[in-house]
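To start, the structure itself, in structure tokens.
Treat the numbers as computed from the prediction; the structure is a model and nothing was measured.
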There are 2 protein chains.
Amino acid sequence: MNSSNRPFSQVHDILRKAGLRPTRQRLGLARLLFENDDRHVTAEQLHTEATGANLRVSLATIYNTLNQFTGAGLMREVVVEPGRSYFDTNTTDHHHFFHEDTGRLLDIPGDAISVSKVPEPPTGTHVERVDIIVRIRE
Amino acid sequence: MNSSNRPFSQVHDILRKAGLRPTRQRLGLARLLFENDDRHVTAEQLHTEATGANLRVSLATIYNTLNQFTGAGLMREVVVEPGRSYFDTNTTDHHHFFHEDTGRLLDIPGDAISVSKVPEPPTGTHVERVDIIVRIRE
DNA sequence: CAATAGATTAGAATGATTTTAAAGAAGAAA
DNA sequence: TTTCTTCTTTAAAATCATTCTAATCTATTG
Ligand SMILES: [Mn+2]
Ligand SMILES: [Mn+2]
Ligand SMILES: [Zn+2]
Ligand SMILES: [Zn+2]
């Protein structure tokens with residue numbers, strides 16, 4: 001039996017499959033993150049949003065949850081600025097525009113951009129991932 | 001008259017051209033940074049290295065200097081990890097291998113890799129720079 | 001030499017993130 | 001359900017990189 005007729009069944013199942021207990025906080029955050037279009041959030045942003053949606057969660061739990069979701073492959077971390085991390089609900093192969101003035105991240109589909117002639121990595125290493133950040137300004 | 005017969009004349013001139021007073025600290029750091037091959041350093045690394053070379057400099061001055069050198073176009077900042085900044089003495093157009101296990105950065109010459117079909121940036125914005133990070137592991 | 005603008009520094013402050021340890025909630029067993 | 005156990009949440013403290021403050025130096029110019 002799955003949970004198709006229980007409330008929030010989609011996110012509930014997502015958490016179950018990730019091996020994470022469906023707690024009130026995780027369910028609420030998962031709804032904010034996964035029931036809408038793909039998004040890029042900082043911990044602070046998500047905390048503000050959760051609070052605004054009447055979900056009581058501490059900032060520590062926001063960090064725990066974002067790191068757990070990332071560890072479970074439900075999200076990924078994008079590093080564009082020193083001192084702040086963005087978390088991305090889009091886990092498909094893609095890249096980013098980073099608006100340096102507003103701090104906004106925008107997806108570039110994986111097939112809309114591509115790297116050619118990636119040189120061989122040093123002996124004994126393998127390529128884990130290629131990140132392309134197109135930095136833009138007004 | 002230039003300073004071609006004064007000690008450390010090369011870095012001395014670099015600082016002068018950048019409009020930075022050639023102080024003992026800046027001269028010492030410039031020698032470590034520019035008299036060898038291109039390099040990637042964190043503030044803490046450079047501080048340790050300076051101290052080991054008998055150059056007395058505070059960590060605050062290391063940060064000031066790296067930021068001033070970067071502002072003057074003598075270096076650039078590379079963001080690969082949350083919570084730590086790397087500074088690069090190679091200011092030519094190029095990209096990086098980032099070794100996730102060791103924290104080392106390796107240059108990929110600009111002509112050894114290239115992006116194709118970079119999509120148009122959103123209306124009202126222009127591309128400032130494209131950063132490619134090839135993340136590698138053992 | 002002054003005089004002055006600019007530079008260095010110790011130490012405090014900041015800001016993002018993590019850790020601690022205590023209290024609370026979820027799953028399993030009975 | 002009740003009980004037991006394991007996870008989870010949280011407030012508060014701790015950490016870590018970086019920046020700021022404001023007092024003390026130093027390079028440059030007259
Ligand atoms: Mn992390
Ligand atoms: Mn900076
Ligand atoms: Zn994305
Ligand atoms: Zn480089």
Side-chain angles (χ1 to χ4, degrees), chain A residues 1 3 6-8 11-30 32 40-48 50-51 54-72 75 77-87 103, chain B residues 1 3 6-9 11-30 32 40-48 50-51 54-72 74-75 77-87 103:
Chain A
M1 151 193 167
S3 44
R6 273 189 266 125
F8 317 143
V11 291
H12 193 280
D13 287 352
I14 289 176
L15 294 179
R16 297 291 298 277
K17 279 175 192 146
L20 297 167
R21 285 190 184 172
T23 62
R24 180 174 56 77
Q25 291 84 345
R26 285 187 187 139
L27 280 167
L29 295 175
L32 291 176
H40 307 95
V41 297
T42 63
E44 200 63 61
Q45 278 167 16
L46 184 59
H47 187 232
T48 299
T51 300
N54 283 319
L55 174 64
R56 241 164 38 274
V57 206
S58 71
L59 189 53
T61 295
I62 298 280
Y63 277 105
N64 288 342
T65 304
L66 287 172
N67 285 324
Q68 289 153 353
F69 285 5
T70 300
M75 301 186 77
E77 197 172 355
V78 184
V79 184
V80 282
E81 291 190 312
R84 184 181 359 201
S85 274
Y86 286 79
F87 292 87
Chain B
M1 148 200 166
S3 44
R6 272 188 267 126
F8 317 141
S9 57
V11 291
H12 194 280
D13 287 352
I14 290 175
L15 294 180
R16 296 292 297 279
K17 279 175 193 146
L20 296 168
R21 286 191 183 173
T23 62
R24 181 174 56 76
Q25 292 84 343
R26 292 208 275 233
L27 280 167
L29 294 176
L32 292 176
H40 306 96
V41 298
T42 63
E44 199 63 61
Q45 278 167 15
L46 184 59
H47 187 232
T48 299
T51 300
N54 284 319
L55 173 64
R56 241 163 39 274
V57 206
S58 71
L59 188 53
T61 296
I62 298 280
Y63 277 105
N64 288 341
T65 303
L66 287 172
N67 285 323
Q68 289 152 355
F69 285 5
T70 300
L74 300 174
M75 301 185 78
E77 197 173 356
V78 184
V79 185
V80 282
E81 291 190 311
R84 185 184 353 208
S85 273
Y86 286 78
F87 292 87

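- Distance A/Gln45 CD to C/dA16 P: 11 Å, rounded to the nearest Å.
- Protein atom NE2 of B/His12 is 10 Å distant from nucleotide atom C1' of D/dA27, rounded to whole Å.
- Protein atom CG of A/Leu29 is 12 Å distant from nucleotide atom C1' of D/dT9, rounded to whole Å.
- Residues A/Gln68 and A/Arg26 have side chains in contact (heavy-atom distance under 4.5 Å, counting atoms from C-beta outward).
- For the pair A/Leu46/A/Phe87, no side-chain contact is recorded, criterion being any heavy-atom separation below 4.5 Å from C-beta on.
- Between C/dT18 and A/Tyr63, no contact under 4.0 Å exists linking OP1 or OP2 to a side-chain N or O.
- Residues B/Phe69 and B/Leu15 have side chains in contact (heavy-atom distance under 4.5 Å, counting atoms from C-beta outward).
- Atoms CZ (B/Arg84) and C1' (C/dG15) sit 18 Å apart, rounded to a whole Å.
- Side chains of B/Thr51 and B/Thr48 form no contact here, defined as non-hydrogen atoms less than 4.5 Å apart.
- Among the atoms of the strands shown, only primed sugar atoms or phosphate atoms (P, OP1, OP2) are found under 4.0 Å from some heavy atom of B/Ser85.
- For the pair A/Phe69 CZ and D/dT8 P, the computed distance is 11 Å after rounding to whole Å.
- The side-chain heavy atoms of B/Gln25 and B/Ile62, taken from C-beta on, include no pair separated by under 4.5 Å.
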Subject >> Protein-to-nucleotide contact annotation, 5' to 3' order, nucleotides 1-11 of chain C [B base; S sugar-phosphate only; - none; under 4.0 Å, heavy atom] >> reply: ----BSSSBS-
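- Rounded to an integer number of Å, the gap from CG of A/Leu27 to C1' of D/dT9 is 14 Å.
- The shortest side-chain heavy-atom distance between B/Val79 and A/Val80 does not fall under the 4.5 Å cut-off.
- Between A/Asn67 and C/dT18 there is a side-chain N or O to OP1 or OP2 distance below 4.0 Å.
- Atoms CD (B/Glu81) and P (C/dT17) sit 14 Å apart, rounded to a whole Å.
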